[in-house]
Amino acid sequence: MVSTAESFLIGGAAACTAVTVSNPFEVAKVRLQLQGELAKGGGEKVYKNVGDVLVKTWRHEGVGGIQRGLVPAYVYQILLNGSRLGFYEPLRRTINRAFGFTPEDQLATTSIAAGASSGIIGAMAGNPFFLIKARMQAYSPVLPVGTQHNYKHSWDALRSVWKAERWRGLIRGMDAAIIRTAMGSSVQLPSYNWTKRTIVENGWGKADSTWTFLASSAVSGACVCMVMQPADTALTRMYNQPTRPLPNGKMVGVLYSNPIDCLWKTLKTEGPLGWYKAMRGLAVSAALLSGLAAAADVEKPTFTPTTIQAPFLEQFTSDWQERWTPSEATKKTAVGGETFSYVGKWSVEEPFKEVSIVGDKGLVAKDKATHHAISAPIAKPVNPKGKTLVVQYEAKFQKVGNCGGGYVKLLEEGALANKEFSDTTPWVIMFGPDLTCPGTKVHFIFRHQNPITKEWEEKHLKTAPSPVIDDFTKLYTLIVNPDNTYKVLIDDEVASEGSLLEDFNPPVNPDKEIDDPEDKKPGDWVDEAQIRDPTAVKPDDWDEDEPFQIVDEDAEMPEGWLVDEPKEVPDPDAIKPEEWDDEEDGDWIPPMVRNPKCEEAPGCGTWTKPMKTNPKYKGKWEAPLIDNPAYKGVWAPRKIPNPNYYEDLHPADLNPIGAVGYEIWTMTEDIMFDNVYVGHSVEDAKKLAEETWYVKHKVEKAIRDADAAETKAKIDAEAKAKKAAGDENLLARLKEDPAGFVREKVMDFVEDVQEEGPMAALQSNPQVGGAIIASLLTLFGALGAIFGIVGSSAQPVVKSVKKTDSSPAAAGGAKKTPNDVPALAASEPAAAASSTATSKDTPVKKRK
């Protein structure tokens, strides 16, 4: 299983790969978002579109220009996407548990909350690097837009910000970053996973297909872009805006006090399109980052043979046929008649559903309703005497089925693993799952020889584990210790443990004494403990003729009872069939249905008084029971010494094992076996499981969760469709009175909360509940941003600002008179620091 730390590193590394490709589009996006900042109509356009930015930047600034801010972008993506992938799953599970769901449930509301929360963590950690990235990408010595910050490199940028503003500078714009990232994270992974699952479920592509990956990334990027773009524009402008000191030395933004203020001023001066500048650049960047970051979560390893050594370890590599021999044996009756033949085919192949480890193959029993048998010798026989014996393998019922075995047999030394292998071949242990029609069990059977009679007996585990067998890979492990203890593990968890001397039937050691087969119960033996009292007499007032129930004479007809209405009436919607012939078929009579008037009334038709229990009823009298004076007790034959008694104190000293074989009968096909281990090391078996089964389990578990979520979504959709179909005026009501409709839905949700509790209300009305939660979160976030709870500073009142050459609101360096932006000049004196202003410490070459 991948830990939180590993998910963090994988997510960050994948995102860095995407950053290298997407960074030029980020540069274009930043410059387009700053172009025409707070200028009426967008101001003069230095750049026409994303392509124009890339061409001009390449022409005038070269590779360094289109890759400005690459280093802080790397660090930011490691922190952001590392947090998204590293914290997403732990947070989702924690939120599920907090609201009463199981950790495995895939719910839209909790997934969005987990995505937003993990994104917020990453945004807070990476804020200083996003800030300097935006400033470095905005800087251009030839075609400047927005405030210009000329830093030599990333360390110089961090040092300059720290020197000028200390820690306040490093968290500048964090409120906007939190809003931006929360909005983007809330849809990034959920939209990617939903798109991928939809493609796979509808058969449009395979889960590991490149096209599935690209399509999922594109949809995820588009969703992120649409949701995040306004906040992204506000973030870029807040990061890049000029700052000025207050009398107390505190540095504050000149143009904007918080994200809401930035969005409002942008809307007021540039219109709604001001929020969506550089949309295409953000879309490309978001698609790349969404795809490669999500790809890390579904990356699958390539099969590499293990380096673990064992007496027998089989991973069914390309040379498997050199070791394994399919049986061609035929079992015959005593008179020579054929009973069955082992005609089932064997193949080594990848799983036909989900490939968890690329290139990993297993042994597959291909046919149903047939007998299969195959075996392989062990080069040096395994002798369990005085040692721990460990047997482990994977079994995968790919099509589940209803009857069939999946157990392995460890054959005795000397038993030939060849074409004659059959059910009569001597074996030492039989272990593994069996679908027993109905039910399931995991067999643990060992053969034991009676030292006196020399007869072999099969010792069966009394209480065999009964696991759920589905179509995912299961791991079965048996450990037999020299002290006669054993453990049966399923999926690396103990399912049964105990002693070979106590938990098997028949027991290893017989009873010392047995019943005497010659002893017979005497004819006069009385074994009835109680009898009827022969002296008892029935009481005189005991009336056996009283009925159990009588008519309730005190009952009255309920108010509203429709005496004159029949319980059933002809179906008014029934239509006489066209082929009905009255002359041949008689008069057509419509079918009867329940009278709808009776549904609203207490009842219809003739009312009769109900029955009640008869208080005088006593039933048939019987004499009471008394102790039998002649009772002698329960008879049992006398005990005699067992002539076949013996005591074996070391049943774990099993016979040497010379081969491994599968000999099964099954009604289902495509049963897969893999990673077979027979040896003496519990640690090596565990290590093999970690290399193989744990990897498969992670992928298959993700698929199971996705399937369950998809099934639940379909069921919910069907239920909603039926509910919507029952309300013919739904759309009309929504159009006529939208406020009333919303109010009604909210009140229904509130009533469900009061009657059934919040969890049940969320499950039955996820959209309403999710909308309420989202509205509350948005309200709190907006209030936090307005009142400057995180990373914001109130804008001071500036009485006058000296006019400079880089004049107010002259986007792209174009000169404007105060009359060009009257609203800004009149109401926002602080905006006198132009969007093309340059930090006073760093002179910038002006565009001619």
Side-chain angles (χ1 to χ4, degrees), residues 382-393 395 405-413 426-436 439-469 474-517 634 636-657 677-683 685-686:
V382 176
N383 189 352
K385 187 174 183 179
K387 299 178 181 178
T388 297
L389 175 65
V390 182
V391 183
Q392 180 174 282
Y393 71 101
Y407 40 81
V408 66
K409 286 184 176 181
L410 305 184
L411 309 183
E412 283 188 357
E413 180 183 8
W427 48 272
V428 179
I429 286 178
M430 189 175 96
F431 169 67
D434 191 8
L435 276 72
T436 52
T440 63
K441 67 170 61 176
V442 175
H443 291 295
F444 173 23
I445 309 170
F446 67 94
R447 294 176 75 238
H448 183 269
Q449 188 179 36
N450 186 314
I452 297 177
T453 65
K454 303 302 180 183
E455 294 180 354
W456 288 92
E457 288 184 327
E458 294 182 1
K459 309 297 183 181
H460 293 247
L461 184 60
K462 290 179 183 177
T463 307
S466 300
V468 174
I469 296 181
K474 309 288 285 185
L475 180 70
Y476 300 95
T477 308
L478 170 66
I479 302 172
V480 180
N481 297 307
D483 62 356
N484 301 318
T485 59
Y486 73 89
K487 283 185 180 180
V488 174
L489 296 89
I490 302 174
D491 293 347
D492 207 25
E493 294 184 358
V494 176
S496 178
E497 59 182 326
S499 170
L500 299 180
L501 293 170
E502 300 173 0
D503 300 338
F504 287 78
N505 189 35
V508 171
N509 296 315
D511 295 330
K512 290 183 178 181
E513 292 184 325
I514 61 172
D515 292 340
D516 184 356
V634 178
R638 63 175 174 268
K639 297 291 185 180
I640 61 173
N642 185 355
N644 295 321
Y645 173 75
Y646 64 88
E647 188 175 32
D648 181 357
L649 298 180
H650 303 286
D653 291 341
L654 301 165
N655 281 358
I657 301 165
Y677 175 95
V678 180
H680 303 293
S681 174
V682 176
E683 293 75 17
K686 173 76 172 180

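Counting begins at 1 with the first residue of the sequence.
- Annotation for K474: atom NZ counts as buried by contact number, over 12 foreign heavy atoms lying within 6.0 Å.
- Residues Y486 and F446 place their aromatic rings such that the two centres sit no closer than 6.0 Å.
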Item checked: Working for side-chain contact (heavy atoms from CB on, under 4.5 Å), residues E412 and V428 -> CA-CA 6 Å; E412 283 188 357; V428 179; 3.5 Å; yes
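- In this structure, NE2 on H680 lies 13.5 Å from CD1 on I479, to the nearest 0.5 angstrom.
- Evaluation of the salt bridge (Lys or Arg N to Asp or Glu O under 4.0 Å) rule for D515 yields K639 as partners, not counting sequence neighbours.
- No option in L389, N383, V391 other than L389 meets the side chain to side chain contact (heavy atoms under 4.5 Å, CB included) test with I657.
- Taking every heavy atom of both residues into account, G406 and A395 meet most closely at O-CB, 4.4 Å.
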Notebook entry, point to check: Yes or no on side-chain contact (heavy atoms from CB on, under 4.5 Å) for W427 and L410, after CA distance, side-chain angles and deciding distance?
Noted result: CA-CA 6 Å; W427 48 272; L410 305 184; over 6 Å; no
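- Of the residues listed (L654, D648, D653), the one engaging P651 in a side chain to side chain contact (heavy atoms under 4.5 Å, CB included) is D648, and it is the only one.
- By the neighbour-count criterion of 12 heavy atoms within 6.0 Å, atom NZ of K487 is sparsely surrounded, having that number or fewer from other residues, nucleotides or ligands.
- Rounding to the nearest 0.5 Å gives a distance of 7.0 Å between CG of D492 and CD of Q392.
- At least one side-chain heavy atom of T388 sits under 4.5 Å from a side-chain heavy atom of P482.
- The two residues P643 and I452 come nearest to each other via the heavy atoms O-CD1, 4.5 Å.
- The OG1 atom of T485 sits 10.0 Å away from the CG atom of L501 when rounded to the nearest 0.5 Å.
- Ring geometry for Y476 against F431 counts as perpendicular: the plane angle is over 60°, on a 0 to 90° scale with 30° as the lower cut.
- Closest of all the heavy-atom pairs between N450 and N644 is ND2-O, 4.3 Å.
- Taking CD1 of I445 as the start and CZ of F504 as the end, the distance is 9.5 Å to the nearest 0.5 Å.
- Atom-to-atom distance recorded for H650:NE2 and E647:CD is 9.5 Å, nearest 0.5 angstrom.
- In this structure, the separation between CG on L489 and CG on L475 is 8.0 Å, given to the nearest 0.5 Å.
- The shortest non-hydrogen separation linking A652 to V480 is CB-CG1, 4.1 Å.
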